[in-house]
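Note that this is a predicted model, so its numbers are computed, not measured. Residue numbering restarts at 1 for every chain, and letters A, B, ... go by the order of the sequence lines.
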Amino acid sequence: MKLAQQYNRANIFTSLMILLLSGGVYYFAIHYILTSKLDNDLNIEEQEIIGYAKRYNKLPFPGDFKNQKITYQLQKKGTAEERHYTSTRYFNNDQKHTEPGRSLITGVHVAGKDYIVNISKSSLESEDLFRLIFMITLGVLILLLLSLLLINRFVLSHLWSSFYEMLKQLKMFNVADNLELSAPPTQIDEFQELNQAVLAMAKRARQDYTELKNFTDNASHEMMTPLAVINSKLDTLIQTGALSDRQGELIADVYLAVSRISRLNQSLLLMAKIENNLIKDEENVELSELISQKINQFSELLQSNSIFVEQHLTRKELYINKYLADILLNNLISNAIRHNKLNGVITVQLSDTGLIISNTGLNKALDENRVFERFYKNASSEGSGLGLAISSQIAMLYRLQLKYGYDSGKHVFSIEF
Amino acid sequence: MKILLIEDEQALRESISAYFTEEGSICETAADYASAIAKINLYQYDCVVLDLTLPGGDGMDILRKLKELNKKDGVLIISARHSLDDKLSGLNLGADDYLVKPFHLSELKARVAAIIRRKSFNGNNLILFHEISIDGLAMSTTVGQNAVNLTRKEYDLLIYFIANQNKVITKGALAEHIWGDEIDLSDHFDFIYTHIKNLRKKLMEAGCHDYIKSMYGVGYKFCAQ
């Protein structure tokens, strides 16, 4: 929920409560005042009747005028009518309809007889007044709500606009591109401070990124150059001629070791790059074609081990860096070959929902929790132990999950799209 | 052929220039940016082998300078940076090829030879070695008058051998050239043996001399003697 929305909710709720409460207080206060005014009028009328009765020892004529009615009734013996006010209906003779009214019922002793006197007054006017006050309160309430909504809509969204602008830029922020963040103009201190902090952070992130990139480049260069020297010296050494087979063997071993170090070095640098998200240039890569190519590339290796490849490929595009897609497939397929057995089978299944590569091999499951760890490998494996770690990292980079499972003699690696 | 090698690492410079220097070929060297610029200004080369990280400047600037001067020299970038950005920007700037360190000298030689061939034989891309003649455009091979039907890999091997004639080429270099470096075939050199055996057989059946010699178990040498 947006901050403004949340704030509004609290705001509107409290305003509503206070308004309703004050409406209630108003109601009772005005009701009380109006009623006591009516009661006061009735009281005066009663005094007049009592005064009249005392002076002339008879009751004045029952009257019906000026929205006021007076009636008398002989009180039965033994009963005593207590003096009290009551709200009643009042029949308006002029307009022939009943109205709300207020009565005072009291007793008067005239000429040795007890009479019940009922003085009624129409309270229509006060009811009208009351209604008016209620309407005004309601009007104010609606006006207040409307103005709150308008304030929220225009003023608040205007106040927050610079915040949302900054947020939009932050979402698009990428250390690898050179788009500079620009602080949207704002008069609000908090937002100005936020903008400054964000700009400073972005600058620092870019700087770190550049340093890291340079470090990766430099590390690669520093290690690859001596390796290149070793390789070129070996290439030169074998041109010198007249080497014995024993010397040749030794040189071949050194070649192998050098090629392994440079592979290892390249793998480590690649991992660093993936980890630091230094690889960009994603495109839509059609996987089935790439897989067929890969399997074709490995055809000799497959033939020599009499490994049969079963392919069930449907077209599937993935938004991914092509180089990484290539490495991922390369690692998975070459593993499936390398760790297979003579006359083994590899099944490659590509569908809209995922890629599953399974192969026959050792009749024993690998350690599911450690198989993607760096340098985890079988004692018999000649790989660097980085292939699956790299594959899993590539998958993670694109929010895919590479999983391992073992199912009745088959090692299954699967990626869900 | 005339080659300019721009490389700051002395040991590497010496090995490469020794490998390239032979009868009919000259390999000049430059160890830093300034001397490289001076040389490309003064002379014309068939191919410039360019290291990107140099003391005194960026190798990319040398490439830009070459294009500015409208030179027709072929350019092969050798770099320790295995970065796609560099590769793409290098090729976009007009480099002909890009090779990542560490590499085999035979691979470098084959690539340089390919660049020079593309540059110099205008549409008439012929490779000759004694009785062997290869038409690089039609990808056809003949020995004397006899056509030899080679597979793609055998064809690639033959061109690689001729580019590196009289040199010992390791099995590893051959494997990397034929299968690329993605596939680690270091423990499967039998494939190389099979392909070479087939190539040799096809050439000899067409009446070719046996030029391919196995050397100390390390590799092969393609030579006329």
Around atom CD of E289(A), are there more than 12 heavy atoms of other residues, nucleotides or ligands at under 6.0 Å? no
Determine the minimum heavy-atom distance between Y255(A) and H104(B), stating which atoms define it. CE2-CE1, 3.8 Å
Below 4.5 Å from any heavy atom of chain B, which atoms of S232(A) appear? Answer side chain, backbone, both or neither. both
Under the ring pair (Phe, Tyr, Trp, His ring centres under 6.0 Å) rule, collect the residues that match up with F161(B), sequence neighbours excluded. F222(B)
Does H130(B) NE2 have over 12 foreign heavy atoms under 6.0 Å away? yes
Part of residues 30-40 of chain B lying next to chain A, heavy-atom separation under 4.5 Å: none
If I take atom NZ from residue K101(B) and atom OG1 from residue T225(A), how far apart are they, to the nearest 0.5 angstrom? 4.5 Å
Please indicate whether K213(B) has more than 12 foreign heavy atoms, meaning atoms of other residues, nucleotides or ligands, lying under 6.0 Å from its NZ. yes
Relative to chain A, which of V168(B), T194(B), I169(B), V218(B) shows the most heavy atom pairs under 4.5 Å? V168(B)
What heavy-atom pair brings S106(B) and D235(A) nearest, and what distance separates the two atoms? N-OD2, 4.5 Å
Ranked by heavy-atom pairs below 4.5 Å to chain B, first place among R246(A), K233(A), Q247(A) goes to K233(A)
Please determine whether the number of non-hydrogen atoms from other residues, nucleotides or ligands lying under 6.0 Å from atom NZ of K201(B) exceeds 12. no
Steps toward side-chain contact (heavy atoms from CB on, under 4.5 Å) verdict (Y19(B), Q239(A)): CA-CA 9 Å; Y19(B) 196 87; Q239(A) 311 302 336; 3.5 Å; yes
Hey, what do you get for CE (M224(A)) to CD1 (I78(B)), rounding to the nearest 0.5 Å? 14.0 Å
If you count every heavy atom of other residues, nucleotides or ligands that lies below 6.0 Å from N284(A) atom CG, does the total exceed 12? yes
How would you list, by chain and number, every residue that makes a ring pair (Phe, Tyr, Trp, His ring centres under 6.0 Å) with Y160(B), sequence neighbours excluded? H177(B)
For the student: nearest non-hydrogen atoms of E300(A) and W179(B), plus distance: OE1-NE1, 2.6 Å
Heavy-atom nearest pair, A11(B) first then V229(A), reads CB-CG1, 3.5 Å
Specify which of I238(A), I230(A), L234(A) makes the most heavy-atom pairs with chain B at under 4.5 Å. I238(A)
By side-chain hydrogen bond (donor to acceptor under 3.5 Å, both in side chains), S288(A) pairs with (sequence neighbours left out) E286(A)
Part of F103(B) within contact of chain A (heavy atom distance under 4.5 Å): backbone
Should the heavy atoms of other residues, nucleotides or ligands under 6.0 Å from CD of Q10(B) be counted, would the total exceed 12? no
Spacing of OG1 belonging to T236(A) relative to CG belonging to L12(B), to within rounding of 0.5 Å: 9.0 Å
